[in-house]
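Input: a single structure, listed below in structure tokens.
Chain letters run A, B, ... following the sequence lines, proteins first and then strands; every chain starts at 1.
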There are 2 protein chains.
Amino acid sequence: MPESDYPDIRGLHLFKDMADEHFLSLTRGAYVQNFPPQIELITEGDPSDFLHILLSGSVDLFSTWNGRETSMATVRPISTFILAATIRDAPYLMSARTLEKSRIALIPSQDVRSVFDGDNSFARAIVTELAQCYRSVVKNTKDLKLRTSLERLANYILRQQNRRGGASEFDLDFEKRRLASFLGMTPENLSRAFKGLQPYGVTVNGNRISIDNQKDLERFAKPSPLIDDVST
Amino acid sequence: MPESDYPDIRGLHLFKDMADEHFLSLTRGAYVQNFPPQIELITEGDPSDFLHILLSGSVDLFSTWNGRETSMATVRPISTFILAATIRDAPYLMSARTLEKSRIALIPSQDVRSVFDGDNSFARAIVTELAQCYRSVVKNTKDLKLRTSLERLANYILRQQNRRGGASEFDLDFEKRRLASFLGMTPENLSRAFKGLQPYGVTVNGNRISIDNQKDLERFAKPSPLIDDVST
DNA sequence: TTAGGTGTTTGATAAATATCAAGGGGATGA
DNA sequence: TCATCCCCTTGATATTTATCAAACACCTAA
């Protein structure tokens, strides 16, 4: 693994407080690779040989069953993915594919587990990270079970807006059909859902979303910190 | 906290390997309480003051939004709940209510966090537990997004059957309307879904489920270890 | 510039799911 | 024993969501 990648990884909350020697023993066995778009990095059900760290690009986590497929999450740099499987030495529950050209560090899961046994601040960082991941998935379940697809879309738009500091116009950062899959609907219905938000002041032009009437949209979407806040 | 409760709690994976002195400092501040049925123990959004451990009885974790409510999980003894919120010192994402008369140990979250900082085997046990919880929720999301309600019910029945060692007849262990909510459907539709499984050899009589044609049901349900296995 | 290809949108229709209203059945308590 | 309550079921209907087919828009490469 090239030393130039060290700072990025070291800066992650997960690795920030651990002892230098342990960090080194993680990076010793690690390697970094560049992948083209649309490469399947991980297939669900496979043993979790590596903890993955996305350094640049983006990765889609998805799952399949009985010929159907659904997008579970999008990973953006710089963050790890498939941490829980690594920790439990259990098979991956989700598959992963690159969405664009991506640079990814791979740390042997075995190394992660043994350093985790020997380095307490690393173990603690993992706990915090996992608790965060857990809470994200719980929020997602609430979103799915308590809201209609129109409400999910409305709240998604508000969350995106928040991520961009509240701008009233912004571009969707991925394909609509993947957004549809992530929101648990078909592309056709996403298209209709965008229209269904017009009465609340949402205009769509290609990938560009404008929120013309913030208040109306919020009144409809009823965002809740216990579902929509990213951090807590 | 009465000493008679120590062994049960100490036996949990979470507390098994920790130092005696740390276990004592957890139990010192803890107390045990008996609750009648239908008591709301926790309200989502509240600060996570206590880690809860269910010693006997059963507890429903549920969430609400905009006047709607959905059951997220059922907790059975002996296990903890609301671990992630405790760790992150973040508000509860789910509410909890007793389903029957329940005995619950309450450990101040502050104590959990400080022991967690000082006891490595405790920290590691928490990681393992959290990773497990995370994976459960991911499986649940896959179940929700990839399956129709009929398929979810069919797989639920097979999972229950597994939990009871494969018996071809068993009783549902909770109200159908809560099962419906857990599976993400209305009580009316659950009722119809049970009928919809008759062609696959499922008979329902009150709370009693019989699987008359295991093969047929499995062929329809297509259970997958990556969604339906409890352990991995 | 044009021809394909891919992703999106639209319309028509079908399927799945929810809602509303009424009826049934078992438990509980007077 | 009967009345009451609560839950579950059933039927009719409405809403939501998916599917299928076709048109459209945009991009890329010849």
Side-chain angles (χ1 to χ4, degrees), chain A residues 36-38 60 62 65-71 97 99-101 143-157 171-199 202-209 220-221, chain B residues 36-38 60 65-71 97 99-101 143-157 171-200 202-209 220-221:
Chain A
Q38 303 300 331
D60 184 37
F62 65 99
W65 178 79
N66 193 27
R68 299 167 209 164
E69 177 179 322
T70 191
S71 171
R97 77 162 70 91
L99 291 171
E100 48 190 320
K101 193 166 166 300
D143 193 43
L144 280 169
K145 291 184 79 177
L146 291 167
R147 290 171 171 163
T148 66
S149 58
L150 199 59
E151 290 163 344
R152 289 201 294 279
L153 177 60
N155 281 290
Y156 175 84
I157 290 173
D171 286 330
L172 290 175
D173 48 7
F174 48 67
E175 285 180 301
K176 286 185 186 169
R177 67 159 146 177
R178 260 180 18 77
L179 174 57
S181 177
F182 174 72
L183 292 176
M185 54 210 274
T186 56
E188 292 96 326
N189 269 328
L190 176 63
S191 200
R192 291 177 188 118
F194 273 124
K195 288 203 162 172
L197 290 180
Q198 274 178 13
V202 174
T203 324
V204 183
N205 201 307
N207 267 355
R208 189 143 202 89
I209 309 287
F220 171 74
Chain B
Q38 303 300 331
D60 185 38
W65 178 80
N66 193 28
R68 298 168 209 163
E69 177 179 323
T70 191
S71 171
R97 77 163 70 91
L99 291 170
E100 47 191 320
K101 192 165 164 303
D143 193 43
L144 280 169
K145 291 184 78 177
L146 291 167
R147 289 172 171 163
T148 65
S149 59
L150 199 58
E151 291 164 342
R152 288 200 295 278
L153 177 60
N155 281 290
Y156 176 83
I157 289 174
D171 286 330
L172 290 175
D173 49 6
F174 48 68
E175 284 181 301
K176 286 186 186 169
R177 67 161 144 175
R178 260 180 15 78
L179 174 57
S181 177
F182 173 72
L183 292 176
M185 55 211 271
T186 57
E188 292 96 328
N189 269 328
L190 176 62
S191 201
R192 291 175 188 120
F194 273 125
K195 289 204 161 171
L197 290 180
Q198 276 178 12
Y200 306 102
V202 174
T203 325
V204 183
N205 201 305
N207 267 354
R208 189 144 202 88
I209 308 288
F220 171 74

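- Direction of the helix axis in the helix from dT1(C)-dA30(D) to dA30(C)-dT1(D) shifts by 30° between the two five-pair termini, rounded to 10°.
- The distance from atom CZ of Arg208(B) to atom C1' of dG25(C) is 19 Å, rounded to the nearest whole Å.
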Might you list the N or O atoms of the protein lying below 3.5 Å from N or O atoms in nucleotides 7-9 of chain C, with each pair's distance?
from, atom 1, to, atom 2, distance (Å)
dG7(C), OP1, Arg177(A), NH2, 2.5
dG7(C), OP2, Arg177(A), NH2, 2.5
dG7(C), O5', Arg177(A), NH2, 3.0
dT8(C), OP1, Lys176(A), N, 2.8
dT8(C), OP2, Arg177(A), N, 3.3
dT9(C), OP1, Lys176(A), NZ, 2.6
dT9(C), OP2, Ser191(A), OG, 3.2
dT9(C), O5', Ser191(A), OG, 3.0

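- Using cut-offs of 30° and 60° on the angle between ring planes, the pair Phe220(B) and Tyr200(B) is parallel.
- Taking atom CD of residue Glu151(A) and atom C1' of nucleotide dA18(C), one finds them 14 Å apart after rounding to whole Å.
- Distance, Met185(B) CE to dA18(C) C1': 11 Å, rounded to whole Å.
- Here the P atom of nucleotide dT17(D) and the NZ atom of Lys145(B) are 14 Å apart, to the nearest Å.
- Following rounding to the nearest Å, Leu183(A) (CG) and dT16(D) (P) show an atom-to-atom distance of 17 Å.
- Considering every non-hydrogen atom in both Arg208(B) and Asp171(B), the closest pair reads NH1-OD1, 2.9 Å.
- Atom CZ of Arg192(A) is separated from atom C1' of dT19(D) by 9 Å (rounded to the nearest Å).
- Annotation for Arg178(B) and Asp60(B): closest pair NH1-OD1, 2.6 Å, computed over non-hydrogen atoms.
- With contacts defined as side-chain heavy-atom distances shorter than 4.5 Å, the pair Leu179(A)/Tyr156(A) qualifies.
- Taking every heavy atom of both residues into account, Ala221(A) and Ala154(A) meet most closely at CB-CB, 3.7 Å.
- Using a 4.5 Å heavy-atom threshold, the side chains of Ser149(A) and Met185(A) count as touching.
- In this structure, Leu144(B) places its CG atom 11 Å from P of dT17(C), rounding to the nearest Å.
- Considering only heavy atoms from C-beta on, Phe194(A) comes within 4.5 Å of Ile157(A) through its side chain.
- Leu99(B) approaches Pro37(B) most closely through the heavy-atom pair O-CB, 3.8 Å.
- Between Arg177(B) and Pro187(B), the shortest heavy-atom distance links the atoms CB-CG, 4.0 Å.
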- Please lay out, stage by stage, how Glu69(A) and Arg97(A) fare under the test salt bridge (Lys or Arg N to Asp or Glu O under 4.0 Å). CA-CA 13 Å; Glu69(A) 177 179 322; Arg97(A) 77 162 70 91; 3.2 Å; yes
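- Taking side-chain N and O atoms only, Ser149(B) has a distance below 4.0 Å to OP1 or OP2 of dT17(C).
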Polar atoms only, N or O, under 3.5 Å: list the protein pairs with nucleotides 24-26 of chain D and their distances.
none

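- Residues Asn66(A) and Glu151(B) are in side-chain contact: their nearest non-hydrogen atoms beyond the backbone lie under 4.5 Å apart.
- When rounded to the nearest whole Å, the span between CG of Asn189(B) and P of dC8(D) equals 14 Å.
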